[in-house]
2 protein chains.
Amino acid sequence: MRGGATQPAVRATLEDVARAAGVSLATVDRVVNRREGVRAKTVARVEAAVAKLGYRADVAAARLARGQSFRFAFVLPAGSNSFMTNLSEQVQRTAEWLASQRGFIDILHVDVFDPDVLAGALDGLSSVYQGVAVVALDHPKVRDAIDELTARGIAVVTLVSDAPSSRRLHYVGIDNPAAGRTAATLMGRFLAAREGKVAVIAGSLSLRDHTERQFGFHQILSSEHPNLTTLPVIEGRDDSERTRELTAALLKRRNDLRGIYCCGAGNRGIAAALEASGRARDVIWITHELTQHTRRFLVRGTLDAVINQDPGHEARSAARVLLAHCSGEPISPDQERIRIDIFLRDNLP
Amino acid sequence: MRGGATQPAVRATLEDVARAAGVSLATVDRVVNRREGVRAKTVARVEAAVAKLGYRADVAAARLARGQSFRFAFVLPAGSNSFMTNLSEQVQRTAEWLASQRGFIDILHVDVFDPDVLAGALDGLSSVYQGVAVVALDHPKVRDAIDELTARGIAVVTLVSDAPSSRRLHYVGIDNPAAGRTAATLMGRFLAAREGKVAVIAGSLSLRDHTERQFGFHQILSSEHPNLTTLPVIEGRDDSERTRELTAALLKRRNDLRGIYCCGAGNRGIAAALEASGRARDVIWITHELTQHTRRFLVRGTLDAVINQDPGHEARSAARVLLAHCSGEPISPDQERIRIDIFLRDNLP
DNA sequence: CTGTTAGCGCGTTCAA
DNA sequence: TTGAACGCGCTAACAG
C-alpha cells in the first residue's frame with residue numbers, strides 16, 4: 001500500500017500565516033490579495049509562510065466577510081416545448097443551489113423567437129443584474145442588445161442557442177454541427193448498405209442551431225454514406241400536428257424512405273405518423289433531446305436514437321460561468337464543455 | 001414578456017427572522033435546526049416569520065460557525081491503466097474543490113485486485129476519516145471490511161466497482177449490465193444483417209463489472225441479433241501484450257469474425273492486432289472508457305464506439321454523497337446517477 | 001423555555 | 001508601511 005499525500009487535518013488560517021511570518025492579519029491579507037502598500041521584503045516573508053503552511057483562502061468565509069452577493073437573470077422561452085420546460089425546471093433547481101453560494105437568479109420568460117421582443121427584453125434589463133443567461137437568437141437586433149449589456153458591464157452567456165457574432169462572454173451549449181454529424185454516422189451505420197432516401201425535418205431553417213445540425217448531417221451522410229441521399233429539408237415549425245401531416249404525406253409518397261432525422265421539435269407528430277404507417281420498425285428515426293415523449297418512443301422501438309444535451313448541466317454551467325466571472329475567478333473551458341449525449345433504449349438514464 | 005418570481009436582492013438573515021418574530025437569535029436557531037426546548041407557540045411564530053421572509057440558511061456561514069470540517073479517504077488502484085490514472089487525477093481535482101467546502105481528501109493507492117490487501121487497507125483506515133470511497137472488489141473479505149467501517153460509523157461509498165452485498169452507503173458508477181446491453185445494440189446495428197462471430201474480451205471473469213457487462217452483452221445479442229453468435233470469452237487480464245497475442249490469434253483463426261467487444265482494458269493490444277491484420281475497418285470493435293488511447297483509435301477509425309463512464313463525474317459524485325451524508329443532508333439519487341456515455345468519432349468531447 | 005455572548009476565517013475600515 | 005478592531009451569518013456555551 002502506497003499512501004498518497006496526506007493533507008493537514010485542518011487548513012492553515014490567515015492568522016497562522018500571520019504568526020509564522022511575524023506580521024499582522026491585515027498585512028497577510030494585503031499580500032494574499034495582491035494589494036499595494038507592503039514592502040517587498042515583507043511580501044517575501046509572508047509568501048514564504050504561505051507556501052510553508054500550504055495556506056489556501058477559505059472562499060466561503062471571504063464571501064461572507066465581503067458581504068458579496070450576485071444577481072443573475074435567466075431569459076428563457078415562454079410556453080414552449082418539453083425541452084424548454086425541462087430547462088426551466090433545471091434553472092429553478094440551479095437557483096436553489098446558487099442561493100447557498102449567495103447568488104440569486106430571476107427567471108424571465110419571453111418570446112425568444114421574436115427578435116424584437118427578445119432584444120426589447122434584454123434592453124429593458126435592470127442594472128441590478130451582474131449577469132444574464134439567454135437562450136439567444138442569431139439576429140442583428142439581439143446581437144446589439146447583447147453587446148449593449150456587455151457595454152453596461154453585465155456579463156452575458158448564451159444558453160442552448162448562440163449568437164456567435166455578439167460580444168457574449170461564453171456560449172453554454174453543444175456543438176451543433178458535430179451533433180448533426182453524430183446523427184449522420186448513426187443513421188449511416190444503422191442503415192448499413194441499404195439504399196434509399198433520408199428525410200431531414202427541422203423546426204425552421206432560420207434557427208441557427210437547426211441549420212447547423214442539418215449542415216453537419218449532410219456533410220457526413222453525403223461523404224461517407226453515398227448509398228443514402230437526403231430529401232429537401234422539411235420545416236415543421238416545431239409543431240406536432242403540422243409535423244405529423246408532413247411526415248404522413250412523406251411516408252405515403254416515398255416507399256424508398258429509409259430514415260428520418262429530426263433536428264428540431266415536433267417529435268410527437270413524427271411518432272404518430274410513423275406508427276400509423278406501420279413502418280415504424282423499418283424506418284430509422286433519430287431525433288434530438290431526451291424528454292418524457294422521446295423516452296417513450298425510444299422504449300417502444302419507434303425511435304432509434306436520441307442526440308441529447310443535458311439541460312441540468314447547461315443550467316449549472318451557465319450559473320458557474322457567471323459566478324466565476326463575477327468573482328474574478330478563472331473558468332476552465334473543458335470543464336464547462338457541454339457533451340453531446342447519445343441515448344439508445346439500453347442506456348437511458 | 002412574463003416576469004418570473006423575482007427573488008429579494010439579498011437574503012433574509014437569522015436576525016431578520018428574530019426581529020420579525022419578536023424573539024432572540026438563539027430561539028430562531030433552535031427552531032430552524034429543529035432542536036428541543038421551544039414552546040409550540042413560539043415555534044409557530046418563528047416558522048411564520050421564516051415563511052414570510054423566505055428565510056434560507058447560509059450553509060457556508062453555518063459550516064464556518066460550526067468549525068465543521070470533513071476528512072475522506074479515497075482508496076484507488078495502484079499503478080493501473082489509463083482509466084484509473086484519469087480517475088486519480090479527477091479525484092485530485094475534486095479534492096481541490098472540496099477544500100473550499102472545508103473538506104479534505106487523502107488518496108491511498110493500493111492493489112485493489114488482491115482482496116486481502118484491499119481488505120487490509122480498509123481495516124487499517126484511521127478513524128479520523130468520516131467517509132471512504134473505494135474502488136471495491138466483490139469478495140467476502142472486502143465486504144466484511146466495508147461492513148466493519150460502516151459499523152465504526154464511517155460512511156463508505158463504492159466507486160466504479162461495487163460490492164453490492166456489503167453495507168456501503170451508495171454505489172457511484174454505471175449500471176454495468178446496461179452498459180453491456182448498449183454495446184450489444186450498437187454491435188448488432190452496426191453489423192446489420194451480416195452473419196458471423198463476435199468475440200468478447202474481458203480482463204478477468206472474476207471482476208464483477210466485466211462479468212456484468214458481458215452478461216448484458218450476451219443477453220441482447222442472442223435475443224435480438226440471432227445472425228451473430230458470440231465466441232467463448234477471452235480473458236486478457238487487462239494486459240495489452242497478452243491481449244494483442246490473443247486477438248491476433250483469433251483474427252488468424254476466424255475469417256468469420258465480424259466484431260470484438262472488449263469489456264475491460266488492454267485496448268492497445270487489440271488495436272495493434274487489428275491494424276496488423278488489415279481488417280481494422282472491417283471488424284467492428286467496441287470497447288469501454290475514453291482515454292488518450294481509445295480516443296486515438298476512434299479518430300483513426302480502428303475503433304467504432306466507446307462506452308464510457310465519466311471519471312470526473314464519479315469523483316465529484318462520491319465526494320458530494322459523502323459530504324451530504326456527513327452533513328445530514330439528503331442526496332437526490334437521480335442527480336447522482338452516473339450516465340452510460342456513448343462516444344463515436346463525431347461526438348468526442 | 002429563552003436570551004446573551006463569544007467566536008469561526010476573512011475583508012475592511014481607521015489609526016498609528 | 002503596518003496593525004487593531006469590528007462585522008458578515010451562524011452556532012454553541014452559558015446565563016437567566
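All chains are named by letter (A, B, ...) in the order of the sequence lines, taking the proteins before the strands, and each is independently numbered beginning at 1.
- Residues that satisfy the side-chain contact (heavy atoms from CB on, under 4.5 Å) test with A:A18, not counting sequence neighbours, are A:V28.
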Review item, side-chain donor-acceptor pairs of residues 40-49 of chain A, under 3.5 Å, at least two apart:
unit_1 : atom_1 : unit_2 : atom_2 : d
A:R45  : NE     : A:A21  : O      : 3.0

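- Scanning for side-chain hydrogen bond (donor to acceptor under 3.5 Å, both in side chains) contacts around B:R316 gives an empty result, with sequence neighbours left out.
- Of all the residues in residues 20-42 of chain B, B:V23, B:S24, B:A26, B:T27, B:R30, B:G37, B:V38, B:R39, B:T42 reach under 4.0 Å from DNA chain C with at least one non-hydrogen atom.
- Residues passing the side-chain contact (heavy atoms from CB on, under 4.5 Å) test with A:A57 are A:Y55, sequence neighbours excluded.
- Annotation: the terminal axes of the helix from C:dC1-D:dG16 to C:dA16-D:dT1 meet at 40°, where each axis is the rotation carrying the C1' atoms of four end pairs onto the next four (5 pairs per end, rounded to 10°).
- By the side-chain hydrogen bond (donor to acceptor under 3.5 Å, both in side chains) test, B:R339 is found to be paired with A:D310, residues two or more places apart in sequence or in another chain being considered.
- When the ring pair (Phe, Tyr, Trp, His ring centres under 6.0 Å) test is applied to B:H313, the partners found at least two apart in sequence or on another chain are A:H313.
- In summary, B:D334 and B:R337 do not engage in a salt bridge, as defined by a charged side-chain N under 4.0 Å from a carboxylate O.
- Taking a 4.0 Å limit (strictly below) on heavy-atom distances, residues 54-65 of chain B reaches DNA chain C at B:L64, B:A65.
- The distance between atom CZ of B:R102 and atom P of D:dC10, rounded to the nearest whole Å, is 16 Å.
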Side-chain donor-acceptor pairs of residues 82-91 of chain B under 3.5 Å, sequence neighbours excluded:
unit_1 : atom_1 : unit_2 : atom_2 : d
B:T85  : OG1    : B:N81  : O      : 2.9

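- Protein atom CD of A:Q68 is 13 Å distant from nucleotide atom P of D:dG9, rounded to whole Å.
- Sorted by first and then second residue, the side chain to side chain donor-acceptor pair (under 3.5 Å) pairs involving residues 117-128 of chain B (not counting sequence neighbours) are B:S127-B:R152.
- Between B:R66 atom CZ and C:dG9 atom P the separation is 15 Å, expressed in whole Å.
- Under the side-chain hydrogen bond (donor to acceptor under 3.5 Å, both in side chains) criterion, A:R35 pairs with A:D29, sequence neighbours left out.
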